[in-house]
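Following: one structure in structure tokens, then a few remarks.
Because the structure is a prediction, the values reported are computed rather than measured. Chain letters run A, B, ... following the sequence lines, proteins first, then strands; residues in each count from 1. All heavy atoms count here, side chains included; hydrogens, waters and symmetry mates do not.
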Amino acid sequence: MGIQLDFPAVLERWPSFLGGAVLTLELALFATVFGALLGTLAAVGRGAHRAVIARACKIYVEAIRNTPLLVQIFLVYFGLASLGLKLSAFTVAVAALTINVGAYTAEIMRAGFEAIPRGQIEAAEGLALSRFQIYWHIILLPAVERVYPALTSQFVLLMLASSVCSQISAEELTAVANYIQSDTYRAFETYIIIAVLYIILSLVMRAGFWGLGLVLFPRRRRLGTPL
Amino acid sequence: MGGHLNINHLFFLGHGALWTIGLSMIALVGGGIAGFVIALARISPLKSVRIASGAYVQLIQGTPLLVILFLGYFGLAAIGFSVSPLAAAGASLTLYVAAYLGEIWRGCIESVPKPQWEAAEGLALSRTQRMIKVILPQAVRIATPPTVGFMVQIVKNTSLASVVGFVELMRSGQIVNNSLFEPFMVYAIIAVVYFAMCYPLSLLSQRLERRMGRGRLTLAPA
């Protein structure tokens with residue numbers, strides 16, 4: 001049997017593909033922002049003086065990092081439903097992805113915190129900076145700057161992982177592809193197209209993070225500060 | 001409707017868990033062999049080989065595993081090659097693992113200190129001798145903790161094989177749930193089983209890393 005590929009037949013569905021790609025990007029964006037906040041909190045929490053908080057944060061991080069995203073998504077989906085909360089698939093997807101990426105972000109941020117030289121914090125204390133000032137200027141910002149490349153990779157991986165949300169019928173790119181291929185019977189072409197779209201999306205995200213890095217950390221540009 | 005969780009359900013889940021381990025082994029061995037070739041190709045003296053292997057890594061790392069799986073299962077079937085779920089899942093995971101392990105191992109090979117390369121060259125070892133006798137034995141030591149850490153990713157990613165109908169742990173959980181209609185309980189059990197498989201690997205990876213006296217994450221942007 002000869003192989004006949006018919007890309008135009010699938011490509012004429014481009015508005016659906018575009019809609020799916022936009023929704024994937026939105027999912028990734030929301031989960032990135034919330035996940036970064038959650039992860040930073042969890043990383044700070046792991047260093048807390050109260051043992052209960054530190055332990056809770058460790059359990060959260062280890063539980064998430066050692067179970068598959070697909071299982072987490074189903075647990076959040078059915079868990080929220082059994083609590084009687086009727087949420088859209090998109091909301092559930094954002095919640096599950098946030099919980100997931102928060103744990104990975106926490107690990108990365110913790111590595112960043114640990115890399116801050118002790119002397120810097122002592123110097124800040126000597127200069128009578130408040131605890132908040134120390135946390136913000138001496139620990140948090142330099143730590144983020146140091147682990148920024150790792151965070152970028154993690155958030156790009158998150159965007160790719162969001163394809164799993166198609167399993168709870170969030171209408172993102174992979175779900176759109178599943179729909180189109182069952183409609184056109186052109187599975188091979190459809191999945192090739194979304195593979196290319198995912199590669200483009202990951203390049204777009206990398207470029208976005210690179211640009212954001214230039215704005216957020218001008219010091220590196222100005223002084224070429226070695227990290 | 002479906003009654004209660006009984007011993008048969010647990011046996012079924014256990015059977016699924018064994019297939020999760022089996023699929024992980026297939027992915028690890030297949031991906032390991034292919035990843036080793038990728039790692040060597042990435043540092044090849046031939047520019048075309050370097051570019052081709054680099055493109056492969058970028059391509060795979062820019063595509064979700066789920067899409068690779070769909071392409072292997074539904075895609076190939078649609079153009080006339082019928083594949084079993086096991087073959088599709090095994091092949092997709094192998095391609096996927098090869099790209100990531102290849103990158104990890106390239107980093108490990110390149111992080112063998114430069115004087116070792118120079119000394120081997122100074123002793124007039126050929127390129128092959130230098131690799132086998134000097135660089136790789138040291139690279140293997142560096143590579144062990146991140147490889148064990150990546151095995152956690154492999155085990156977790158096998159859960160995606162469930163979407164093409166391969167009955168591993170996740171899929172067996174879905175089947176059990178279809179008869180019990182207790183999704184939260186069933187998926188919680190599944191999560192615990194995955195945790196029981198992955199956490200020892202995570203701990204082992206951390207312990208190996210600590211023994212090597214290296215940081216948990218290699219963060220070297222500069």
Side-chain angles (χ1 to χ4, degrees), chain A residues 1-5 62-63 65-72 74-75 77-79 81-82 107-108 110-112 114-115 145-150 156-157 159-164 166-167 173-174 177-178 181-182 185-192 194-196 198-203 226-227, chain B residues 20 58-81 149 152-153 155-160 162-163 169-170 173-174 177 182-188 190-203 215-222:
Chain A
M1 177 177 164
I3 299 163
Q4 286 183 329
L5 296 181
E62 295 296 348
R65 279 164 46 93
N66 289 296
T67 48
L69 174 61
L70 188 57
V71 179
Q72 292 161 14
F74 278 127
L75 273 177
Y77 188 65
F78 293 113
S82 68
E107 271 309 90
I108 296 173
R110 195 167 68 105
E114 280 171 3
E145 185 172 356
R146 193 178 289 257
V147 298
Y148 194 69
V156 172
L157 280 178
M159 186 275 290
L160 298 176
S162 75
S163 62
V164 175
S166 60
Q167 296 304 306
L173 192 49
T174 306
N178 288 343
Q181 72 95 5
S182 65
Y185 297 102
R186 299 240 164 244
F188 191 77
E189 294 89 330
T190 309
Y191 290 123
I192 289 281
I194 65 160
V196 171
Y198 272 112
I199 290 170
I200 293 172
L201 283 181
S202 59
L203 291 178
L227 284 170
Chain B
T20 287
Q58 289 299 319
L59 223 64
I60 298 289
Q61 293 197 345
T63 322
L65 175 58
L66 192 59
V67 174
I68 302 175
L69 259 168
F70 281 149
L71 205 51
Y73 188 65
F74 299 116
L76 287 184
I79 57 171
F81 301 98
V152 176
Q153 305 291 328
V155 173
K156 289 191 297 178
N157 279 330
T158 57
S159 67
L160 294 184
S162 65
V163 300
L169 182 54
M170 183 68 191
Q174 286 169 340
N177 177 46
E182 293 236 37
F184 195 75
M185 182 192 68
V186 172
Y187 291 122
I190 300 293
V192 169
V193 178
Y194 273 114
F195 187 83
M197 288 194 246
C198 294
Y199 193 54
L201 287 175
S202 294
L203 283 182
R216 270 186 63 86
L217 285 161
T218 28
L219 300 165

message: Can you tell me which portion of B:Gln174 sits under 4.5 Å from chain A's heavy atoms? Options are side chain, backbone, both or neither.
response: side chain

task: Can you measure from CZ (A:Phe188) to CD1 (B:Ile79) and round to the nearest 0.5 angstrom?
output: 4.0 Å

message: Do A:Phe74 and B:Asn177 have side chains that approach each other closer than 4.5 Å (heavy atoms only, starting at C-beta)?
response: no

- request: Flag the one option from A:Ile192, A:Val156, A:Ile200 with the top tally of heavy-atom pairs under 4.5 Å to chain B.
  value: A:Ile192

message: Under 4.5 Å from any heavy atom of chain A, what part of B:Leu59 do you find: side chain, backbone, both or neither?
response: both

- line: Honestly, the part of A:Leu157 sitting under 4.5 Å from a heavy atom of chain B is side chain

message: Is B:Leu76 close to chain A through its backbone or its side chain, or both, or neither, when contacts mean heavy atoms under 4.5 Å?
response: both

- line: Under 4.5 Å to a heavy atom of chain A? For B:Thr158 that would be neither

task: Would you confirm whether B:Lys156, through its side chain, and A:Arg65, through its main-chain N or O, come within 3.5 Å as a donor-acceptor pair?
output: yes

field: Flag if over 12 foreign heavy atoms under 6.0 Å of OH, B:Tyr187
entry: yes

query: With only heavy atoms counted, which part of A:Thr67 is less than 4.5 Å from chain B, the side chain, the backbone, both or neither?
result: both

message: Taking the ring centre of each residue, are B:Phe184 and A:Phe78 less than 6.0 Å apart?
response: no

